[in-house]
Each structure stands twice: as C-alpha cells, then as structure tokens.
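First up is the structure itself, then whatever we jot down about it.
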2 protein chains.
Amino acid sequence: MGVTIKDIAKAAEVSYSTVSKALRDSPLVKEPTKQKIIKIAHQLGYQPNVAARSLVSKKSQTIGVVWPTIERVTHSALVTGLNKQLEELSYTTLISINEMEDAINTFNRYQVDAIVAFNEKNSREPAKSTVPIVTYGIAHEDSPFPTVDVNRKQAIQTAVDHLARTGHRSISYIGDMVQEDHLQEEKVEGFRQAIKDYDLELNSTSIIKVNDLASYDGYEAMKELLKKTDHPSAVISGSHDLSKGILRAIQEAGRSIPEDISIISYDNIPATEDLELPLSTVGVPLSTITEKLSEILIALINEETVEQSIYLKPELNITQSCKAWNGGETNE
Amino acid sequence: MGVTIKDIAKAAEVSYSTVSKALRDSPLVKEPTKQKIIKIAHQLGYQPNVAARSLVSKKSQTIGVVWPTIERVTHSALVTGLNKQLEELSYTTLISINEMEDAINTFNRYQVDAIVAFNEKNSREPAKSTVPIVTYGIAHEDSPFPTVDVNRKQAIQTAVDHLARTGHRSISYIGDMVQEDHLQEEKVEGFRQAIKDYDLELNSTSIIKVNDLASYDGYEAMKELLKKTDHPSAVISGSHDLSKGILRAIQEAGRSIPEDISIISYDNIPATEDLELPLSTVGVPLSTITEKLSEILIALINEETVEQSIYLKPELNITQSCKAWNGGETNE
DNA sequence: TTGAAAGCGGTACCAG
DNA sequence: CTGGTACCGCTTTCAA
C-alpha cells in the first residue's frame with residue numbers, strides 16, 4: 001500500500017491531523033512546520049487517497065465524461081479541450097466509454113461531482129443519478145438534463161446569408177449524410193431553409209450527399225459537382241475534413257478559390273493544419289463550447305440553477321476563400 | 001447524498017452488517033433475508049459507494065487506461081475492445097487522457113487495481129506508482145514496465161514472404177510516413193528486410209511515402225503507382241484505411257484484383273465494413289491483443305510474475321485479393 | 001444466522 | 001498553532 005498521512009506524521013514527528021492541515025495548505029499551521037511536512041510528503045511520494053478523502057468531504061474534484069462513441073472522432077477534440085479546461089479549474093476528468101446508463105452508474109458509485117454526457121440518442125428513461133448531469137449535442141427536445149449544444153442550423157443559415165448578400169445565387173451544400181445522422185440533418189435543414197428565405201434555386205445539385213464526413217468524401221463530391229457546366233459559385237461544406245477534400249478537387253480541376261468558387265466550411269476546431277489557403281468557417285469555437293460546459297458544470301456542482309437548454313450561437317469567420325459574386329465576369 | 005446500507009438496514013429491519021453481507025451474496029445470510037434485502041436495495045436505487053468500499057477492501061475493481069492520444073483513432077477500437085473484455089471480468093474501465101505521469105498519479109489516488117498505458121514515447125523516468133502498470137505499443141527496448149506489443153515488423157515480413165513464395169517479384173509497400181512515426185517505421189523496416197532476404201528488387205517505387213494513414217493517402221499513392229508502366233504485381237498496405245483508398249484507385253484505373261495486382265493489408269481490426277472484395281490481411285486480431293492485455297492485468301493484480309516483454313505474433317489471412325503470379329501471362 | 005464493533009485514510013471540529 | 005477525536009460508508013472479524 002501507499003504512503004498515508006500517518007506515515008508522514010511519524011516521519012515529521014507531528015500528529016496526523018497537523019499533516020492533513022499542512023497538506024491542505026491550511027493557515028492554521030506554522031510555515032516552517034508546513035514546509036517540513038510538505039517536503040517529507042514529497043520525499044515519500046505521497047498521493048492522497050481519493051477514496052478516503054471523498055468519503056468524508058463528499059467531493060471528489062472529479063468530473064465524469066460519458067463518451068460511448070469514441071470511434072467518432074468528432075468529439076475527441078472537444079473532450080481534449082474540456083479535459084484541459086477542467087484541469088485549470090483543478091478538476092480531474094475521467095472518461096467512461098460504456099453506455100450512458102452504465103457509465104452514469106459507475107460515476108455515481110465513484111462519487112464524481114458532476115457528469116457530462118456525449119450521447120447521440122436521448123436515453124429513454126432518465127437514468128437516476130445523485131450526481132448532476134449535463135448533456136452535449138443531444139436533441140434539445142425534451143432531454144431530462146440541462147443541455148449544451150451548437151446551433152448547427154443557424155450556422156449554415158449564417159453561411160448562406162453571407163454568400164447570398166455578397167451576390168451568390170447558386171450555392172451548394174456538401175455534407176448530407178447517406179446514413180441517418182441527426183447532427184448532419186440539422187445542418188441540411190438550415191441550408192434548405194436559408195435557401196428558401198433568400199428565394200434561391202434548390203435543384204438536384206444543391207445538396208450533395210456523402211457516405212461519410214472524411215476527406216475523400218468531400219473530394220469525390222466536389223469532383224462530381226465540377227463536372228457540371230453550371231456548377232455553383234459557392235460551396236458550403238459540412239465538416240473540416242470534407243473541406244480538405246473539396247479543396248483538393250477544386251485544385252485538381254484547375255479552378256481557383258475564390259475567383260471561380262467560394263467556400264465556407266462548417267467547423268469548430270481551430271484551424272490547426274494550415275491548408276494552402278485559410279478557409280472561411282462558420283461554427284462555434286471549441287473553446288466557447290468547453291467554457292460553457294465547464295461553467296454549467298461548476299454551477300451544477302454549486303447547486304445553482306442553470307438554463308435547461310443552451311444553444312450556442314455560431315460565429316462566421318470570412319477569409320480569402322470567399323469573394324463577392326458578380327455573375328462570373330472579371331471585375332477589372 | 002445517495003442511499004447507504006444503513007438506509008437499507010432500517011427499511012429491512014436488520015443490522016447494516018447483515019445488509020453488507022447480503023449484498024455481497026455471502027452464504028452467511030439466510031436466503032429469504034437476502035432476497036428481501038436485495039429487493040429493497042433495488043427499490044431504493046442503491047449504488048455502493050466505491051470510496052468506502054475500496055477504502056477498506058483495498059480493491060476498486062477498476063482498471064485505469066492512460067490514453068493521452070485520443071486524437072489518434074488507431075487505438076479507439078482497441079480501447080473499446082479492452083473495455084468490453086474487462087467488463088466481462090467484472091472490472092470497470094476508466095480512461096484518462098492526461099499525460100502519462102499525471103494520469104498515473106490520478107489513478108494511484110483513485111486506487112485503481114492496475115493501469116494500462118498507451119503511450120507513444122517511453123517516459124523518461126518510470127513514474128512511481130503503487131499500482132501495477134502494463135504498457136502497450138511502446139518500444140520494447142527498456143520500458144520500466146511489462147509491455148505488450150504487436151510484432152509489426154514480423155507482420156510485414158510474413159506478408160512479403162507469402163507473396164514471394166507465390167511468385168511475386170515486384171512488391172510495393174504503401175505506408176511509410178512522411179512524419180516520424182515509430183510504429184510505421186517498424187513496418188517499413190520489416191518490409192525492407194524481407195525484400196532483402198528474398199533478394200527482390202528495392203527501387204524508388206518499392207516504398208511509397210504517405211502523409212497520413214487515411215483513405216485518401218492510399219488512393220493518391222496507388223494512383224501515382226499505377227501510372228508507371230512497370231507497376232508492381234503486389235502491394236502491401238500499412239493500414240486498413242490506406243487499403244480502402246488503394247482499392248478505389250485500382251478500380252478507377254480499370255485494373256482488377258487479384259488478376260492484375262494482389263494486395264495484402266496490415267490490419268488488426270476485424271473486417272467490419274464489407275468492402276467489395278474481402279481483403280487479405282496480416283496482423284494480430286484485436287481480440288488477441290485485448291485478451292493478452294487482460295490476462296497480464298489480472299496476473300499483475302494477483303501479484304504473479306509476468307513476462308517483461310510480450311511480442312504478439314501476427315496472423316496472415318489470405319483471401320481472393322491475392323493470387324499467385326506467373327509473370328503476367330494469363331493462365332489458361 | 002445475525003449483530004456489534006473495529007478500522008480503512010482522511011477531514012474538521014474542539015480543546016488545549 | 002497543535003493534538004485528539006468523531007465520523008464518512010463499508011467490509012470483516014468476533015460474539016451472541
């Protein structure tokens with residue numbers, strides 16, 4: 001077994017309650033004593049026993065993340081960001097990839113202070129949990145828990161709005177999923193509605209289906225689209241990966257951005273890779289999401305009331321990948 | 001706070017130590033009493049407090065997984081499999097995405113029974129841990145902990161071996177990484193050596209570099225390769241994703257498998273998607289890896305001695321994607 | 001077969 | 001400022 005505060009007490013020749021105080025940096029211990037104790041604790045490689053501590057304090061300084069769909073890369077950046085954010089708030093993050101209900105039970109047994117659930121489907125019965133829960137990305141409908149989500153519909157609408165206002169009349173959206181995917185459908189829905197609002201044409205090449213959201217799918221879709229004589233003057237892409245493929249296809253076809261075609265990508269990941277050209281994006285920055293999530297978590301832990309449903313507003317970020325459209329004629 | 005055994009004791013009108021026994025299914029409790037207690041516990045939605053339990057029993061029935069590189073999809077299937085396997089052994093899996101040392105400290109505080117670390121780089125100083133640790137995929141060199149790993153070098157050698165024995169003289173390997181990547185280099189090394197052993201030619205198109213291991217990279221590489229008049233009669237691919245792209249490129253070029261070209265893919269994921277044709281693969285099945293890992297974990301927990309370095313032998317699985325080579329002439 | 005009581009490693013309160 | 005002690009929820013002897 002590991003080192004306990006009693007071992008430290010013996011070594012430091014003080015009572016173990018003094019050790020406890022010193023280690024918690026209590027002002028009730030004289031500075032030299034404190035230093036001595038801390039030093040000894042360090043030498044002995046002391047690690048406080050969470051079990052014992054949370055047993056009495058009822059707090060574990062731990063947040064449980066329920067993430068059954070690790071295979072979905074989409075959330076890994078988010079989880080990474082959240083982990084980091086919570087670390088700064090001196091919380092430890094623990095992840096379970098079990099199903100919602102199992103995971104929640106586990107975290108309850110572990111007495112985590114709060115739970116974030118990334119779940120695709122709404123759980124039928126609101127799992128009974130002593131620990132407060134916030135969900136992310138779940139249909140806002142009638143989740144039994146407070147929910148944080150990105151307004152994907154609005155994101156795409158914002159993109160269409162920008163393009164329409166800058167003269168584009170023919171816009172395509174690449175990213176409708178062949179398989180059912182609630183999150184993607186929301187984007188498509190936003191596109192459809194915005195096109196309608198602006199009274200633009202909606203034809204067979206306006207919404208392009210893809211098998212997956214990977215780079216190749218974007219490439220394939222765009223290649224196909226460029227074969228048409230009357231290809232759109234602007235494209236909105238459903239994900240960063242798709243966009244990479246789209247750029248490749250455009251480049252390969254010898255067309256140029258933004259002269260021949262403007263592009264806006266849905267994306268909440270900060271542009272890590274530098275693509276050849278900085279992509280215009282629309283979406284909620286990852287940091288905004290993790291900040292909001294942490295905020296809710298902390299509020300929940302402090303038993304404050306929180307909004308039942310938070311819908312994050314996307315930001316539009318226009319770069320050189322977009323240009324006003326003047327009917328295809330050169331401007332000079 | 002949640003329900004405790006005392007609440008149950010009160011409701012069942014027995015002492016709380018009896019409740020404890022009943023819930024642990026001890027033979028020291030009469031069957032009817034036991035049933036009654038279990039029923040009440042269930043009604044009350046009792047969840048045993050891990051903190052209290054592990055405080056006294058010194059066991060938490062939990063395995064910690066250190067997985068700092070979640071962004072790397074490679075391991076997600078493995079973690080999923082391991083989680084499932086351990087669940088069957090009635091262990092709970094908890095994941096930390098913090099750096100090795102932090103994560104190990106966290107798990108020590110949590111008194112997990114053992115730790116699995118997926119780490120790319122060998123940690124400089126063997127973090128001091130009370131809890132036994134096993135690492136996966138780390139250079140077998142001189143890890144301070146027992147290690148389980150796949151023999152990637154041997155995998156590729158096995159593939160070359162098969163192809164060479166069935167008449168192939170010109171074989172290419174697609175999957176050398178542009179960025180440094182230890183795991184990939186091992187495969188390339190295996191390829192190089194096997195080619196040498198069989199006295200085959202090693203030219204500029206024998207080993208194809210890729211930017212990443214995604215589908216598109218395979219597509220691009222294969223497309224390039226097929227432009228050569230004297231393209232190889234067989235290709236070995238470094239990953240399942242690469243293979244998907246490779247198949248697409250071959251198909252697009254109007255060539256056929258295995259008539260024009262044979263292909264073997266490095267892969268340990270069970271063929272989930274059915275590609276058009278079943279791919280020949282070489283690698284260690286995921287289940288073998290997770291079984292071995294669990295086995296070591298359990299042994300470690302029981303304080304048995306384990307091998308310091310376990311190197312799993314890859315399996316070759318040949319399907320219709322490979323065919324003996326007779327110099328390019330038709331056989332009939 | 002059941003109950004009482006000790007104690008796991010800490011925290012926090014109270015007395016000195 | 002330091003030490004003593006009750007107790008968190010549970011497991012595990014030991015007695016009844």
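Chain A is the first sequence line, chain B the second, and so forth, proteins listed ahead of strands; every chain is numbered from 1.
Here B:Ser17 lies in heavy-atom contact (under 4.0 Å) with a base. B:Ser54 comes within contact range of no nucleotide atom at all, as no heavy-atom separation falls under 4.0 Å.
For C:dA4, its base never sits under 3.5 Å from the side chain of B:Ser15 at any donor and acceptor pair.
Between A:Ser20 and the phosphate of C:dA12, there is no side-chain N or O to OP1/OP2 separation shorter than 4.0 Å. Taking only side-chain nitrogens and oxygens, B:Thr18 never comes nearer than 4.0 Å to OP1 or OP2 of C:dT1. Phosphate contact (OP1/OP2 of D:dT11, side-chain N/O of B:Arg53, threshold under 4.0 Å): present. The side chain of B:Lys58 places an N or O atom within less than 4.0 Å of a non-bridging phosphate oxygen (OP1 or OP2) of C:dG9. Here A:Tyr16 does not reach the OP1 or OP2 of C:dA12: none of its side-chain N or O atoms lies under 4.0 Å away. A sub-4.0 Å separation between OP1 or OP2 of C:dT11 and a side-chain N or O of A:Arg24 is present.
Ion pair B:Glu87/B:Lys84 not flagged as a salt bridge, since none of the NZ, NE, NH1 or NH2 atoms sits closer than 4.0 Å to an Asp/Glu carboxylate oxygen.
When rounded to the nearest whole Å, the span between CD1 of A:Ile5 and P of D:dT2 equals 15 Å. Between the OH atom of A:Tyr110 and the P atom of D:dC10 there is a distance of 15 Å, rounded to whole Å. The distance from atom CD of A:Glu13 to atom P of D:dC1 is 21 Å, rounded to the nearest whole Å. If you measure from atom CG of B:Asn49 to atom P of D:dG9, you get 7 Å, rounded to the nearest angstrom. Atoms NZ (B:Lys6) and P (C:dA4) sit 12 Å apart, rounded to a whole Å. The distance from atom CD of A:Gln61 to atom P of C:dT11 is 12 Å, rounded to the nearest whole Å. As a whole-Å value, the separation of B:Lys34 NZ from C:dT1 P is 10 Å. A:Gln111 has its CD atom 15 Å from the C1' atom of C:dG9, to the nearest Å.
For CD of A:Glu303, the number of neighbouring non-hydrogen atoms (other residues, nucleotides, ligands) closer than 6.0 Å is 12 at most.
Checking side-chain atoms of A:Thr62 against main-chain N and O of A:Val112 turns up no donor-acceptor pair under 3.5 Å. Distance alone, capped at 3.5 Å, places no donor-acceptor pair between the A:Asn302 side chain and the A:Glu304 backbone. Using a distance-only test at 3.5 Å, with no hydrogens or angles considered, no donor-acceptor pair links the side chain of A:Thr18 to the main chain of A:Val14.
Comparing atom distances between the A:Leu55 side chain and each of D:dC8, C:dT2, C:dT11 picks out D:dC8 as nearest.
Annotation: of the two residues near DNA chain C, B:Ser57 and B:Leu28, the 5′-most nearest-nucleotide partner is B:Leu28. Place B:Lys21 and A:Val29 on DNA chain D by their nearest nucleotides, and A:Val29 ends up nearer the 5' end.
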